*Asks:* 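One structure, pasted below without further comment.
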2 protein chains.
Amino acid sequence: MAGSTADLLPQELRILVAVAERGGFSAAATALGLTQSAVSHSVRGTEAKVGAVLFERGRSGAAPTPAGERAVALGRRILRMYEVLAAEARGAGRDTVEGVLRIAAFRSAALHLLPPALERLAARHPGIRPEVRVVREIGAGAAGEVAAGRADLGIATLGGSQDGPPGLLTGVLAQEAYRLVHPAGHPDPRGLPLMDWDENCGSYTRSWWRAQDWIPRATVKAEDDAMVLTMVGRGLGMAIMPELSLREATAAVDITDLGPGGPVRQVGYVTTTESASTLAVRDLIRELRSERG
Amino acid sequence: MAGSTADLLPQELRILVAVAERGGFSAAATALGLTQSAVSHSVRGTEAKVGAVLFERGRSGAAPTPAGERAVALGRRILRMYEVLAAEARGAGRDTVEGVLRIAAFRSAALHLLPPALERLAARHPGIRPEVRVVREIGAGAAGEVAAGRADLGIATLGGSQDGPPGLLTGVLAQEAYRLVHPAGHPDPRGLPLMDWDENCGSYTRSWWRAQDWIPRATVKAEDDAMVLTMVGRGLGMAIMPELSLREATAAVDITDLGPGGPVRQVGYVTTTESASTLAVRDLIRELRSERG
DNA sequence: CCCATCCATGAACGCCGCTCATAGAACGAG
DNA sequence: CTCGTTCTATGAGCGGCGTTCATGGATGGG
């Protein structure tokens with residue numbers, strides 16, 4: 001942990017992050033308004049201070065080594081903490097904050113959970129500029145964005161396949177049931193092929209899935225829950241989807257409950273302690289919590 | 001949050017922290033091996049960048065303003081993150097870590113909970129140097145130490161009077177019951193005066209307390225649980241104490257249960273996300289969790 | 001085969017954070 | 001009241017270091 005490391009200047013962190021983001025020294029240089037030489041010198045110096053090779057230099061750019069990945073992720077969060085420091089110190093005493101609030105969320109949450117909460121947040125803190133980024137909930141998902149320092153708050157499904165990188169602040173926002181969607185007025189909806197999509201991978205759902213003998217194997221797979229929904233609307237099959245995704249349901253589909261023992265998923269927030277010390281993040285979480293429906 | 005703030009150099013953070021810790025510009029200067037002038041210039045520059053007055057200059061030194069308090073706390077955590085960055089990047093690939101691990105805990109936890117866990121941690125990571133600091137559990141307590149960036153991991157009683165500053169990672173480690181201690185072989189222990197001490201302030205305990213009509217008002221108050229215990233041993237009274245404190249009980253006292261409905265307290269850990277991403281902290285929490293008895 | 005596009009390297013420049021020197025302010029002692 | 005002590009504030013000047021400029025080596029594509 002504590003090494004006799006010389007200072008890493010914030011500028012060096014910025015360069016580190018830029019190199020990782022742009023995929024090369026030259027690209028990072030132009031992005032930062034610097035010379036390629038400056039970037040090369042800086043990275044070399046950083047590697048000397050840290051004591052590890054951070055980038056694999058190759059023909060077309062530079063790729064982070066495992067050590068580089070860690071360094072970049074932590075660097076992003078350090079840079080973010082600088083901003084928080086300035087904002088908190090400036091705003092100490094006042095009860096409002098201003099600045100950018102970076103949010104990462106999966107599609108249906110960004111569409112239906114965030115807007116009302118953000119509206120109320122904006123009413124309370126007019127100076128805040130939320131930046132919502134839609135993130136596919138595969139791999140690390142929204143939690144990964146937070147861990148990598150690319151977002152201050154993430155909206156994700158909790159307790160699913162893997163609960164993300166360790167060392168994140170999480171909390172449950174809502175519990176939502178899965179329901180059955182099928183073409184409106186279809187005579188035998190359960191005879192239709194079952195549709196699935198990439199991000200649909202809660203483990204409890206899967207187990208409930210297998211226990212139901214009436215459910216056929218998924219035959220059609222789509223990229224997106226919205227796509228599944230429109231395909232169901234056109235009579236191409238049925239699907240089992242969480243309530244949030246069903247907010248976009250049109251009259252072309254019918255929705256039926258799966259009963260009390262049906263599968264459920266938990267939607268929650270993910271953040272870091274340095275972001276959680278921010279008024280903006282705390283207030284947004286409160287607004288999200290106070291949401292009903 | 002995001003201001004158009006110029007960079008705050010790590011050195012400026014170090015100066016900030018030193019001024020807060022030493023209580024003055026001159027003292028900070030000598031502590032850092034700098035000139036008083038350098039400190040003065042640096043602080044002035046920092047205040048300009050941040051856009052707020054951080055220290056109240058007075059006759060004998062400088063005291064942080066509210067804005068300064070926030071800045072110093074975040075600054076300490078940023079500096080710590082630099083160390084973590086270097087250590088993690090260096091150790092990427094290897095599965096062991098080395099360096100200082102700063103722990104804050106209340107007395108009885110430091111004495112009875114930490115040692116076995118630290119022993120196992122040392123076996124796994126020989127390079128780690130734990131620094132345990134005993135903290136009185138009044139005010140912000142161990143959680144405050146973590147929030148202020150003075151410790152990486154805190155051991156505290158959770159859910160008590162106030163659950164500390166927001167934005168901390170917490171988890172329950174153990175649930176322990178309160179029990180009754182009284183002088184060994186005393187004919188009427190419940191007739192003795194009840195002893196209390198400063199840090200004994202769990203809210204649920206208090207309520208249970210009041211519901212028991214046989215308990216007299218606390219008449220004797222001590223500073224420390226250990227002091228209470230020895231005073232009980234000398235026949236000066238009886239006390240209701242948590243199990244951890246009773247590990248030091250001698251043959252001079254008898255211990256009796258309070259029954260199934262008795263008061264309980266939860267002992268847990270407190271940390272930040274940037275510390276929690278550290279292997280050392282994660283492993284120590286695991287060791288603490290695996291403890292029984 | 002040559003050119004385009006990467007990164008590496010050395011020398012010179014200029015900014016900025018440091019020291020040195022000095023001034024101002026506040027408080028206690030005599 | 002005045003001197004002495006102990007704080008911080010400020011200006012001038014130096015030096016380290018991060019930057020640019022210029023150039024070289026390596027690697028593939030047309």
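All values reported here derive from a predicted model rather than from experimental measurement. Chain letters run A, B, ... following the sequence lines, proteins first, then strands; residues in each count from 1.
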*Asks:* In this structure, how many angstroms lie between the P atom of dC6(C) and the CZ atom of Phe55(A), rounded?
*Replies:*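 For the pair Phe55(A) CZ and dC6(C) P, the rounded distance is 16 Å.
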
*Asks:* What pairs of donor and acceptor atoms, side-chain ones from residues 69-77 of chain A against any protein atom, are under 3.5 angstrom apart with sequence neighbours left out?
*Replies:*
residue: Arg70(A); atom: NE; partner: Glu88(B); partner atom: OE1; Å: 2.9
residue: Arg70(A); atom: NH2; partner: Glu88(B); partner atom: OE1; Å: 2.8
residue: Arg76(A); atom: NE; partner: Ala148(A); partner atom: O; Å: 2.6
residue: Arg76(A); atom: NH1; partner: Glu21(A); partner atom: OE2; Å: 2.9
residue: Arg77(A); atom: NE; partner: Glu274(A); partner atom: OE2; Å: 3.0
residue: Arg77(A); atom: NH2; partner: Thr273(B); partner atom: OG1; Å: 3.1

*Asks:* Determine to 10° how strongly the helix from dC1(C)-dG30(D) to dG30(C)-dC1(D) is bent, judged from the axes of its five-pair ends.
*Replies:*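 End-to-end axis angle for the helix from dC1(C)-dG30(D) to dG30(C)-dC1(D): 10°, rounded to 10°.
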
*Asks:* Check Glu223(A) with Arg136(A), please: is the shortest side-chain N to carboxylate O separation under 4.0 Å?
*Replies:*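 Yes, this pair counts.
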
*Asks:* Which whole-number value in Å describes the distance from Leu34(A) CG to dC7(C) C1'?
*Replies:*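 Between C1' of dC7(C) and CG of Leu34(A): 16 Å.
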
*Asks:* Using a heavy-atom cut-off of 4.0 Å across all strands, would you classify Gln36(B) as base, sugar-phosphate, or nothing?
*Replies:*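 Since a base atom lies under 4.0 Å of Gln36(B), the category is base.
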
*Asks:* Round to a whole Å and report the spacing from CZ of Arg22(B) to P of dT6(D).
*Replies:*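 In whole Å, dT6(D) P and Arg22(B) CZ are 18 Å from each other.
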
*Asks:* Working note: Ile103(A) + Leu118(A), criterion side chain to side chain contact (heavy atoms under 4.5 Å, CB included); need CA distance, chi angles, decisive distance, verdict.
*Replies:* CA-CA 11 Å; Ile103(A) 306 164; Leu118(A) 285 178; 3.8 Å; yes

*Asks:* Think Arg57(A) has a side-chain N or O under 4.0 angstrom from the OP1 or OP2 of dC6(C)?
*Replies:*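 No, outside the criterion.
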
*Asks:* Classify the nucleic acid contact of Gly61(A) as base, sugar-phosphate or nothing, counting any heavy atom under 4.0 Å across all strands shown.
*Replies:*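 Counting heavy atoms under 4.0 Å across all strands, the contact made by Gly61(A) is with sugar-phosphate only.
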
*Asks:* For Ile15(A) and for Arg59(A), locate the closest nucleotide of DNA chain D by heavy-atom distance; then report the residue assigned to the nucleotide nearer the 5' terminus.
*Replies:*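 By nearest-heavy-atom nucleotide position, the 5'-most residue is Ile15(A).
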
*Asks:* Surrounding CZ of Arg22(B) (heavy atoms of other residues, nucleotides or ligands, distance under 6.0 Å), is the total greater than 12?
*Replies:*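 It does not: Arg22(B) CZ has 12 such atoms or fewer within range.
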
*Asks:* Quick one: is dT8(D) close enough that its OP1 or OP2 comes under 4.0 Å of any side-chain N or O from Ser40(B)?
*Replies:*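 Looking at the OP1 and OP2 atoms of dT8(D), neither is under 4.0 Å from any side-chain N or O of Ser40(B).
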
*Asks:* Taking donor-acceptor contacts at under 3.5 Å, does the side chain of Ser37(A) reach the base of dC21(D)?
*Replies:*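 Answer is yes: a donor-acceptor pair is held.
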
*Asks:* Start at the 5' end of DNA chain C and walk down; is the nucleotide closest to Arg44(A) or to Ser60(A) reached first?
*Replies:*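 Of the two residues, Ser60(A) wins.
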
*Asks:* Would you kindly give the NE2-to-P distance between His41(B) and dG11(D), to the nearest whole Å?
*Replies:*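 So the NE2-P distance, His41(B) to dG11(D), works out to 8 Å.
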
*Asks:* Rounded to whole Å, please give me the gap between CD in Gln11(A) and C1' in dT20(D).
*Replies:*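 The distance from CD of Gln11(A) to C1' of dT20(D) comes to 14 Å, rounded to the nearest Å.
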
*Asks:* The side chain of Ala38(B) is closest to which nucleotide in this list: dA9(D), dC18(C), dT19(D)?
*Replies:*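 Selected nucleotide: dC18(C).
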
*Asks:* Taking only the side-chain nitrogens and oxygens of Ser26(B), find out if one of them lies under 4.0 Å from OP1 or OP2 of dT8(D).
*Replies:*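 Affirmative; the distance criterion is met.
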
*Asks:* Counting heavy atoms not belonging to Glu131(A), are there more than 12 under 6.0 Å from its CD?
*Replies:*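 Correct, the count exceeds 12.
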
*Asks:* Under a 4.0 Å N-O cut-off, is there an ion pair linking Arg44(A) with Glu47(A)?
*Replies:*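 Not counted as a salt bridge, because no side-chain N and carboxylate O are separated by less than 4.0 Å.
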
*Asks:* Categorize Gly24(B) for me: base, sugar-phosphate, or nothing, with a 4.0 angstrom heavy-atom threshold over every strand shown.
*Replies:*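 Gly24(B): backbone/sugar contact only, no base atoms under 4.0 Å.
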
*Asks:* Could you tell me whether Asp196(B) and Lys221(B) have a side-chain N and a carboxylate O separated by less than 4.0 Å?
*Replies:*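 Looking at Asp196(B) and Lys221(B), the cut-off is not met.
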
*Asks:* Would you kindly give the CG-to-P distance between Asp7(A) and dC17(D), to the nearest whole Å?
*Replies:*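 Between P of dC17(D) and CG of Asp7(A): 11 Å.
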
